[in-house]
Amino acid sequence: MEKGLTYTSQTTVCKGNTALTLGSGDMEVFATPALVALMENAAMNAVKPYLPKDSTTVGAMIQTSHIKPSGLGEVISATAILEEEEGRKLTFKVSASDSKGIIGKGIHIRYIVDRKHFLSKLDTESSK
């Protein structure tokens with residue numbers, strides 16, 4: 001995979017993705033879990049067209065800052081840039097912004113997995 005692959009995902013802050021609704025806080029501002037999910041979505045989509053057949057990526061680690069709030073109605077854009085590929089391990093630089101500027105940034109690691117093999121682990125875990 002080529003270093004520099006990029007994708008931007010967007011969402012609008014609404015009651016459904018606020019800290020109050022998601023339980024990560026008690027105010028109607030864009031929730032940190034929603035920020036993380038948007039960053040992960042951008043990373044997933046950056047490499048999706050380049051994956052082997054029957055493969056996907058799964059998130060393994062995210063280290064991010066959420067440095068300022070965004071209110072209801074704000075459009076949030078999260079961008080992921082592929083920084084490194086080491087076998088199945090993919091490392092992304094992620095950032096997010098609203099109309100006033102950067103609201104978060106960090107590093108996200110995903111792994112390329114075979115869908116069937118990955119899902120077969122569910123059966124293995126439940127049979128223990």
- Task: Could you check if a side-chain atom of Thr57 sits within less than 4.5 angstrom of a side-chain atom of Val113, using non-hydrogen atoms only?
- Result: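 Result no, sub-4.5 Å side-chain heavy-atom pair not found.
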Give, for atom [atom1] of [X] and atom [atom2] of [Y], the distance between the pair rounded to the nearest 0.5 Å.
X      : Y     : atom1 : atom2 : result
Tyr111 : Met61 : OH    : CE    : 9.0 Å
Glu28  : Cys14 : CD    : SG    : 10.0 Å
Ser24  : His66 : OG    : NE2   : 9.0 Å
Thr8   : Ile81 : OG1   : CD1   : 8.0 Å
Lys93  : Thr79 : NZ    : OG1   : 10.5 Å
Arg115 : Thr56 : CZ    : OG1   : 4.0 Å

- Name all residues meeting the side chain to side chain donor-acceptor pair (under 3.5 Å) criterion together with Asn17; count only those two or more places apart in sequence or in a different chain, and write none if there are none.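 Side chain to side chain donor-acceptor pair (under 3.5 Å) list for Asn17, sorted by chain: empty.
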- Who passes side chain to side chain donor-acceptor pair (under 3.5 Å) against Glu40, sequence neighbours left out?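 Residues passing side chain to side chain donor-acceptor pair (under 3.5 Å) with Glu40: Arg110.
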- Step by step, work out the side-chain contact (heavy atoms from CB on, under 4.5 Å) result for Thr91 and Ile107. CA-CA 7 Å; Thr91 303; Ile107 300 294; 3.8 Å; yes
Ignoring hydrogens and angles, tell me if any N or O in the side chain of [X] forms a donor-acceptor pair with the backbone of [Y] under 3.5 Å.
X     : Y     : answer
Asn45 : Lys48 : no
Ser9  : Ala78 : no
Asn41 : Ala37 : no
Thr12 : Glu74 : no
Thr18 : Lys15 : yes

- Neighbour count >12 (heavy atoms, 6.0 Å) for atom NZ, Lys68: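 Yes, the 6.0 Å shell around NZ holds more than 12 heavy atoms from other groups.
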- Val75 and Gln10: CA distance, side-chain angles, deciding distance, side-chain contact (heavy atoms from CB on, under 4.5 Å) verdict: CA-CA 7 Å; Val75 174; Gln10 287 190 326; 4.1 Å; yes
- Could you identify which residues cluster with Val94, counting Ile, Leu, Val, Met, Phe, Trp and Tyr as linked when any side-chain heavy atoms lie under 4.5 Å apart, either directly or through a chain of such contacts?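 Hydrophobic cluster check, Val94: joined to Met1, Leu5, Val13, Phe30, Leu35, Val36, Leu38, Met39, Val47, Tyr50, Leu51, Ile62, Leu72, Ile76, Leu82, Leu90, Phe92, Ile103, Ile112.
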- Check Leu22 against Ala31 and note the closest heavy-atom contact, atom names and distance.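 Reported closest heavy-atom pair: CD1-CB, 3.6 Å.
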- Shortest non-hydrogen contact from Ala80 toward Ala46: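 Smallest interatomic distance, heavy atoms only, reads O-CB, 4.4 Å.
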- Task: Could you walk me through whether Ser65 and Lys105 pass the side-chain contact (heavy atoms from CB on, under 4.5 Å) test, one step at a time?
- Result: CA-CA 6 Å; Ser65 60; Lys105 53 188 173 180; 3.8 Å; yes
